[in-house]
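Notes to accompany the following structure.
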Amino acid sequence: MTSASCSTTFSTPPTESGDAIGYADVLVGLQYGDEGKAKIIDVLAAGYDVIARFNGGANAGHTIDTPLGRIALKQLPSGVFHPHAELYIGSGCALNPWKLADEIEQLREMGVDLDGRLHICARAAVVQPHHIALDRRGSATIGTTGNGIGPCYADRALRVRNDTRVNFMLCDLLDNETETVAAMRRVLTGMINSDGGTSPWVAEMSDLLLRLPAIMTKLRPHVEVDRSWLTRRVKQGARVLFEGAQSVLLDVVDGYQPYVTSSHTVPAYAYVGGDLSPKYHRRTIGVAKAIMSRVGRGPFPSELGGERSALYCREAAEKHIGVAHEHEHFSPDTLLRSNDPFEIGAALRMLTGEYGTGTGRPRRIGMLDLAQLREVVKAHGVDRVYLNKVDCLAHYLQSSYQGVPMRVHRDVLPSERIPDVLIYPGLTERSLTYGREGHLDAALGGFIDFVERHIGASLAGIGLGPERASMLLLDGDKPTVPSCAVVPRVVTHG
Ligand code: IMP
């Protein structure tokens, strides 16, 4: 299939005297996803002109409460509620057109119009119905989100199966919609036939294809066929913030196979999937969470309760039990005082709301892993880190730990008896409350110094509550605080 939109078109970027005025920063999650990246983007958005996605698709997501109601965004870049910001979805994304059209429509109903603001690269891969069906069928082994992301990227690399083209980009739909939809239907029909026509999803997937032309009518005005659109904007002076979906530890190559997502989540990929030259890179921003979580399967060294927790969460997801069940059957205050890390983890999940945004499935909970963060910061050149949910560490003070347990790196504390886990006793409820009011006392300052020393990067902000105003920004004029000599205790983490 040849096409006009799919053949790369380049506009001529302005050839002003040389140096570009704009630049790009890349913001990524440093752990296993769900670190609260959208909240940080909300804080930073005023300083950028374009917010751009470069990987993933409807497997990402965050819920935003607005005065007009709650909206779950999956594919649109964060920053939709900052009207000055243009939004870009790069060629590295796996696009679900039905869900994207739905997001755009929901926003329109809230009075947020994306006309002229949203630009989607014509070369983004399209998630097809057979991708979704395949992913749902095989999702249990890895614990995928079932959005067809893996099969979509796999088909992009495969290109042709049994002499039939299996990957399609938005530009294919733009150039020859009838032929492209027919080709998608042939692949779906082949799959239905090989399943004996009995799969429960047949009607749902066929319906998606029937609706695709109407969906494309809504998306077409946003599709950007100019390969150098973002370059042009940067040359005009735009400041770009790339927003990573999922997180560094879930990268398809850098993560632990097979318990990863299927796209590249590392910051360097922003410039491939985001359609911009890396020469415009300014800095790399990381987001981490003080109460760590992971959904799906795979290693999680600081998991509270280890294997038991992983198994419990897996079974809960399979049985569709989650937040309501746990709150009905368990008392978080009792669990918190237990000596069993599994129970402390469950208490933290309940007290800090660590459940899947859409599914309500319990997330696996872990202590803050400074050793892991240190490796990630080093490997990806992270310049500054935002640490969310620091206020939630106060729960540990009520637990049998009587301090904040953290995994630490052996490089930082070389000794004969090298501990894996330290209990940091110096944080107080008072200092956290004080921090929420915008002040940094010696106890909180000491904690920040400790974390910075252990991860090898400076903290740009710490989250002390769910609201945007509870982010204590430490950028630039970091208040000087008297140093707080804290001697951590050593424990073993089984
Ligand atoms: P997939 O991305 O749907 O293929 O899922 C692969 C793995 O990545 C599974 O363990 C998912 O739970 C995980 N994953 C995908 N997206 C997210 C996310 O936004 N947050 C956290 N985990 C995710």
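We count ligands from 1, going down the list as the structure has it; atoms in each ligand are counted the same way.
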Give me the ring orientation class for Y396 and Y401: parallel if the planes are under 30° apart, tilted from 30 to 60°, perpendicular past 60°. perpendicular

Parallel, tilted or perpendicular: rings of Y259 and Y256 (30°, 60°): parallel

Find out whether S206 and R185 are in side-chain contact, i.e. whether some heavy atom of one side chain is under 4.5 Å from a heavy atom of the other. yes

May I have a table of the N/O to N/O pairs between ligand 1 and the protein that fall below 3.5 Å, each row giving the two atom names and the distance to 0.1 Å?
{"unit_1": "ligand 1", "atom_1": "2 (O)", "unit_2": "N59", "atom_2": "ND2", "d": "2.9"}
{"unit_1": "ligand 1", "atom_1": "2 (O)", "unit_2": "T261", "atom_2": "OG1", "d": "2.6"}
{"unit_1": "ligand 1", "atom_1": "3 (O)", "unit_2": "T145", "atom_2": "N", "d": "2.8"}
{"unit_1": "ligand 1", "atom_1": "3 (O)", "unit_2": "T145", "atom_2": "OG1", "d": "2.7"}
{"unit_1": "ligand 1", "atom_1": "12 (O)", "unit_2": "G143", "atom_2": "O", "d": "3.3"}
{"unit_1": "ligand 1", "atom_1": "16 (N)", "unit_2": "N59", "atom_2": "O", "d": "3.3"}
{"unit_1": "ligand 1", "atom_1": "16 (N)", "unit_2": "Q246", "atom_2": "NE2", "d": "3.3"}
{"unit_1": "ligand 1", "atom_1": "19 (O)", "unit_2": "N59", "atom_2": "O", "d": "3.4"}
{"unit_1": "ligand 1", "atom_1": "20 (N)", "unit_2": "D34", "atom_2": "OD1", "d": "3.3"}
{"unit_1": "ligand 1", "atom_1": "20 (N)", "unit_2": "D34", "atom_2": "OD2", "d": "3.4"}

Charged N-O contact under 4.0 Å between D172 and R165: yes

Looking at E243 and K37, is any side-chain nitrogen of the basic one under 4.0 Å from a carboxylate oxygen of the acidic one? no

Start with the C-alpha distance between C6 and C171, add both sets of side-chain angles, then the distance that settles disulfide bond (SG atoms under 2.5 Å apart), and finish with yes or no. CA-CA 5 Å; C6 285; C171 55; 2.0 Å; yes

